[in-house]
Amino acid sequence: VKCMHNLSTMFFYGKGVQQSNEEGIKYLKMAADMGYSLSMSEYGFMLYHGDEGVEMDRKQAKDYFKKSADAGEIKGMHSYAECAAKGEGFDEPDPEEAKKYYKMAADTGDDKSIVMYASACEDGDRFEADKAEALKYYKILADKGYDFAMFQVGKMLLHGDEGVCENKEEAVKYIKKAVNEENADATELYSEMLRTGDGVPVNIESAEYYADFARKLKDPNITMCCIC
């Protein structure tokens, strides 16, 4: 089946064969209908957009995306989740189904998918917000070394949020980690914390230093003052 998928690619790009979208589509659909996960995702994409002479059909596209997702293809999971969130190919949006497949993609360990799921849980744009779940997945990213996730975890813990208990000690730990990674937003927040004594002792001199540092991170042309 993989050979059929590769043959379709050869026809689409004219590599070793006469370029032919028609032949490319034929072999791609054959591979998709035989259960090859990447082919299902790519053929679904063509149906979704109406590409390369394939008639647009969002319902069929959604069905191919789901088959691809259920076969373990991360691209298919993303595409099916998006369709469910927007109601494309569905009778109406299905936020629960969207959340299920965004989470499925995140649980493969793919960093991009974890970012997408954590953000969606935080924002509540695609399905009902779940701040506790967002925190859980931001922590996974933070522990992988992503400074933006360290900042998100610290920010959520600093004052708590719906379903998230305030934990200033943990918040300070994550925010300082992000500061050490030169995250501008975290540095700006840490400066304000030092100024107001939010989770840390008041230190106006250090607050000014970190405020200056945050400005420099956002604009490298700024000259920093120093603490003498």
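Being a predicted model, the structure only gives us computed values, none of them experimental. Heavy-atom basis, side chains included; hydrogens, waters and symmetry copies ignored.
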Revision key, fill the gap. Scanning both residues in full, the closest heavy-atom pair of A149 with A142 reads CB-N, 3.5 Å
Practice item. Could you note down all residue pairs passing salt bridge (charged side-chain N to carboxylate O under 4.0 Å, His left out) where residues 14-25 supplies at least one of them, sequence neighbours left out? Key: E23-K26
Study note, to complete from the structure: Nearest heavy-atom contact between A184 and A214 is O-CB, 3.9 Å
Exercise for review: Indicate yes or no: at least one non-hydrogen side-chain atom of K177 is less than 4.5 angstrom from one of N180.
Suggested key: no
Point to revise | Summary of salt bridge (charged side-chain N to carboxylate O under 4.0 Å, His left out) pairs that have at least one residue in residues 109-118, sequence neighbours excluded | key: D111-K144
**Study point:** Shortest non-hydrogen separation from V172 to G199 and the atoms involved
**Key:** CG2-O, 3.5 Å
Check your understanding: Out of curiosity, does F213 fall in the hydrophobic cluster containing Y174 (side-chain heavy atoms, cut-off under 4.5 Å, transitive links)?
Key -> no
Check your understanding: From N21 CG over to M46 CE, what is the distance, rounded to the nearest 0.5 angstrom?
Key -> 7.0 Å
Point to revise | Hphob cluster co-occupancy, I74 + M104, side-chain heavy atoms under 4.5 angstrom | key: no
Review point. Tell me, which pairs form a salt bridge (charged side-chain N to carboxylate O under 4.0 Å, His left out) where one or both residues lie in residues 87-98, sequence neighbours left out?
Key: R58-E88
Check your understanding: With a cut-off of 6.0 Å (strictly less than), are more than 12 heavy atoms of other residues, nucleotides or ligands near CE of M56?
Key -> yes
**Study point:** Side chain S8, main chain I25, donor-acceptor under 3.5 Å
**Key:** no
Practice item. Could you check whether the rings of Y43 and Y64 sit parallel, tilted or perpendicular, using 30° and 60° as the cut-offs? Key: perpendicular
Check your understanding: When rounded to the nearest 0.5 angstrom, what distance separates CE in M156 from CD in E122?
Key -> 5.5 Å
Review point. Can you list the residues that meet the side-chain contact (heavy atoms from CB on, under 4.5 Å) rule with N167, with sequence neighbours excluded?
Key: L157, E169, E170
Practice item. Establish whether L217 and Y146 are linked, either directly or via other cluster members, by ILVMFWY side-chain heavy-atom contacts under 4.5 Å. Key: no
Exercise for review: Please check if the side chain of Q19 supplies one atom and the backbone of F12 the other of a donor-acceptor pair under 3.5 Å.
Suggested key: yes
Check your understanding: Do V115 and F148 come within less than 4.5 Å of each other through their side chains, counting heavy atoms only?
Key -> yes
Review point. Just by modelled atom types, is the H5 backbone N or O under 3.5 Å from a matching donor or acceptor in the T9 side chain?
Key: yes
**Study point:** Derivation of the salt bridge (Lys or Arg N to Asp or Glu O under 4.0 Å) call for K218 and E188
**Key:** CA-CA 10 Å; K218 292 181 177 182; E188 192 170 55; 3.1 Å; yes
Exercise for review: Enter the distance from T187:OG1 to E192:CD here, rounded to the nearest 0.5 Å.
Suggested key: 13.5 Å
**Study point:** Contact list for residues 61-76, test salt bridge (charged side-chain N to carboxylate O under 4.0 Å, His left out), sequence neighbours left out
**Key:** K59-D63, K66-D70
Check your understanding: Got M4 and Y36 here, is their nearest side-chain heavy-atom distance under 4.5 Å?
Key -> no
Check your understanding: When you look at L189 and L158, which way does the side-chain contact (heavy atoms from CB on, under 4.5 Å) test go after all the steps?
Key -> CA-CA 10 Å; L189 176 58; L158 187 61; 4.2 Å; yes
Study note, to complete from the structure: Residues pairing under ring pair (Phe, Tyr, Trp, His ring centres under 6.0 Å) where one sits in residues 111-131, two or more places apart or in two chains, turn out to be Y117-Y137
**Study point:** Inter-residue atom distance M116.CE - I114.CD1, 0.5 Å rounding
**Key:** 11.5 Å
Review point. Does V54 share a hydrophobic cluster with Y13, counting links as ILVMFWY side-chain heavy atoms below 4.5 Å and allowing steps through other members?
Key: yes
Review point. Only one of Y101, F65, F45, Y48 clears ring-ring contact (aromatic ring centres under 6.0 Å, His included) with Y80; which?
Key: Y101
Check your understanding: Side-chain contact, heavy-atom cut-off 4.5 Å: F11 with L28?
Key -> no
Check your understanding: So how far is it from L135 CG to I140 CD1, rounded to the nearest 0.5 Å?
Key -> 10.0 Å
Review point. Does a side-chain heavy-atom distance below 4.5 Å link M77 with T108?
Key: yes
Practice item. List the atom of G76, the atom of S41, and the distance in Å for their closest heavy-atom pair. Key: N-OG, 3.7 Å
Check your understanding: Do K168 and D198 sit within salt-bridge range, that is, some charged N less than 4.0 Å from a carboxylate O?
Key -> yes
Revision key, fill the gap. In terms of heavy-atom contacts, A81 and A98 come closest through O-CB, 3.5 Å
**Study point:** Heavy-atom closest pair, residues E55 and L47
**Key:** O-CD2, 3.8 Å
Check your understanding: Can we say D130 and K99 salt-bridge, meaning some charged N sits less than 4.0 Å from an Asp/Glu carboxylate O?
Key -> yes
Check your understanding: Do the side chains of V17 and Y27 join up, straight or via other hydrophobic residues, at under 4.5 Å, putting them in one cluster?
Key -> yes
Check your understanding: Roughly how far, to the nearest 0.5 Å, is the NZ atom of K29 from the OG atom of S39?
Key -> 12.0 Å
